[in-house]
Structures are given as structure tokens and as C-alpha cells.
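Side chains included, hydrogens not; waters and symmetry mates left out as well; all remaining heavy atoms used. Naming convention: chains lettered A, B, ... in sequence-line order (proteins, then strands); numbering from 1 in each chain. All values reported here derive from a predicted model rather than from experimental measurement.
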Amino acid sequence: MRLATWNVNSLRSRIDRVEAFLQRHDVDVLALQETKAREEQLPLMGLQAMGYEVAAAGTNQWNGVAVISRVGLDEVEVGFPGQPGWGEPAETEARALGATCGGVRVWSLYVPNGRKPDDPHYVYKLDWLARLREAAGAWLDTPTALVGDWNICPTDDDVFDPAQFARSTHVTPPERVAFQAFLDDGYAEVTREHAPGYTYWDYYRQRFERDRGLKIDFVVASPPLAGQVTGAFIDREERAGTGASDHAPVVVDLAD
DNA sequence: ATGGTTGTGAAACAA
């Protein structure tokens, strides 16, 4: 099974790229973040014609997550127990969607950005991660993939210029501790060894052309799933050219 | 410290 995750930065504006990406790499399951659309706004006919089922959540213009699968899409769940809302009803804030696809529980995650270390949103980010960890502890014994935009650079190697990010989110010790906690519990980040390099580059200052990016998109796998990983890659070409998302897709191959 | 770009939806606001 081939599983991918991609912060698409608007599904409607990039539906053609999504369909081409699925075909180009023969992807079975795709987790999307920043879909930026209500479910009823999404153009799904093309995906359905290609044999995919779609589950989407989120109704505001900034967040939204989805899972697209051609190997089954069952037990869809939005959010996780204890997930706090943020200034609006929980359904509009949707940052987590779980679905069972081909025997794997796939969670498409859009971890809160945090904005600034002194912003209340940063506290919300850490709280959200703590509650996710609490829920994820119960999923360790089943094939589970926590995939998506974690908005954390776990090491300095994951930042093009650590000095420039010294007072920014994504690199602070509490965020890194929060990420490491999943690994301490038994989860494994399975893309890094096969697919080094950044997954996100800001639109401005020609960050992509100069490869000044961040590695913030990860596949965090439970032990039964981690043992099935045979390879991974970052589709950097998808980030090139005009009309690209600011994130590149990350693809993981799993043995049957 | 600031500014640079993109998306949504039609002015900010988030990233």
C-alpha cells in the first residue's frame, strides 16, 4: 500500500494537481491538510471517477483535513477525545480526521501553527499535542499512522537557518519535547531515513529555488505499522513551478 | 526588526 500526506493549501484551487499526483505515483491513500473548504464545496467527481472515496472535515478558510482512499474508507472520525476547540465550534476547527483504509488507521493531522511563542495559539498548540498523545497511546498496538503537517522541526537540521528561527515557533524546546514524546511512547517517524530534506518552503524570497525550507511534514507510525515500511520519498517536483502548494507531498510505501 | 507571497473571499487574516 502506498500512503501519502500533503498540506495542499486549498484543495479546490489544486484539485487538478491532486488528481495528477495520485496518478503519477499510483497512490492508494492520501491525507490532506489545509483543504480550506467545506465538504459541500469540494469537487470530488474527478476523484470518485478515479475510484477514490473521500472524507473531509473543517469548514473555515484556514484549516480543514481530508483522507482520500481507494482501498476502503471506514470508521471516519473527526477529532479525537479531549480535543479542545479554539474560539469557534469544534467542527469548524477540524484539524484531525481518522479513517481506516486497507487495514491501517490513518490520521490526517494539521497541528496548530502556534503563530508566536507568546501567542495564546502557541499554548493551544502544546495543549492540542498533549491531548493527541493521550489519545494516541491507546492506538500503539494497531497499525496506526499519524500523518500530516506537524508544524514542528524536531532537530536543527530541519531548519534552513536555525539562528533566524531562534525566537520563532516550530523549534522551541517545548514543541520538540512534545514531538519526542510520541517517539518515547513507541511511535517511530518513518520517512526521515528514506527521505531526508525539507517538505515546506515559504512562497516568498524564492525559498524553494534556494532550498531554504523546513522539514515539518511527518509520518509517525505505531510499531506494527513501522515494521511494514519499505521506503519513502518527498515529491519535490510537485513544489516547483507556478501554482504549487508551499508544501511538497511525502510518500511512504508499506508492505502488505 | 521588517518584509516578502499565497489563499479565501471580497477586508482582513492566517500561514
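- Linking ILVMFWY side-chain heavy atoms closer than 4.5 Å, directly or via other members, places A:W128 and A:W150 in a single hydrophobic cluster.
- Rounded to whole Å, the separation between the P atoms of B:dA1 and B:dG7 comes to 30 Å.
- Of the C1' atoms belonging to B:dG3 and B:dG9, the separation is 24 Å, rounded to the nearest Å.
- Taking atom C1' in both B:dA14 and B:dG4, one finds a spacing of 15 Å when rounded to whole Å.
- Note on A:D235 versus A:R24: salt bridge recorded, some NZ/NE/NH1/NH2 to OD/OE distance being below 4.0 Å.
- Distance, A:Y110 OH to B:dA14 P: 11 Å, rounded to whole Å.
- Here A:R14 does not reach the OP1 or OP2 of B:dT6: none of its side-chain N or O atoms lies under 4.0 Å away.
- The side chain of A:Q61 lies closest to B:dT8 when the candidates are B:dA15, B:dG3, B:dT8.
- An OP1 or OP2 oxygen of B:dG4 is reached within less than 4.0 angstrom by no side-chain nitrogen or oxygen of A:R207.
- Other residues, nucleotides and ligands place no more than 12 heavy atoms under 6.0 Å from the CG atom of A:D141.
- A:H170 places its NE2 atom 12 Å from the C1' atom of B:dA14, with the value rounded to the nearest Å.
- Picking from B:dG3, B:dA15, B:dG7 the nucleotide with the shortest atom distance to the side chain of A:R205 gives B:dG3.
- Using a 4.0 Å cut-off, some side-chain N or O of A:R12 falls inside it from OP1 or OP2 of B:dG9.
- The environment of A:E134 atom CD is sparse: at most 12 non-hydrogen atoms of other residues, nucleotides or ligands sit within 6.0 angstrom.
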- request: Please step through salt bridge (Lys or Arg N to Asp or Glu O under 4.0 Å) for the pair A:D26 and A:R2, ending with a clear verdict.
  value: CA-CA 8 Å; A:D26 204 23; A:R2 177 163 272 186; over 6 Å; no

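- Per the geometry, CD belonging to A:E34 stands 8 Å off C1' belonging to B:dA14, to the nearest Å.
- Residue A:Q164 contributes atom CD, which lies 12 Å from atom C1' of B:dG4 at whole-angstrom precision.
- Nearest-nucleotide positions on DNA chain B for A:H121 and A:T35 put A:T35 closer to the 5' end.
- Comparing B:dA14, B:dT8, B:dA15 against the side chain of A:W62 picks out B:dA14 as the nearest.
- Look at NZ on A:K36: it is 12 Å from P on B:dT6, rounded to the nearest Å.
- Contacts of A:Y200 with the nucleic acid, taken as non-hydrogen atoms under 4.0 Å apart, are absent.
- Rounding to whole angstrom units, CZ of residue A:R210 and P of B:dT5 are separated by 13 Å.
- Atom NZ of A:K116 and atom P of B:dT2 are 9 Å apart (whole Å).
- Using atom P as the reference point in both B:dA11 and B:dT5, the two lie 22 Å apart (nearest Å).
- Nearest-nucleotide mapping onto DNA chain B: of A:G114 and A:Y204, the residue sitting toward the 5' end is A:Y204.
- Side-chain proximity of A:Y203 to the nucleotides B:dG9, B:dT6, B:dT8 is greatest for B:dT6.
- Classification of A:D211 and A:R236 as a salt-bridged pair holds, one side-chain N sitting under 4.0 Å from a carboxylate O.
- Rounded to a whole Å, the CD atom of A:Q206 is 15 Å from the C1' atom of B:dG3.
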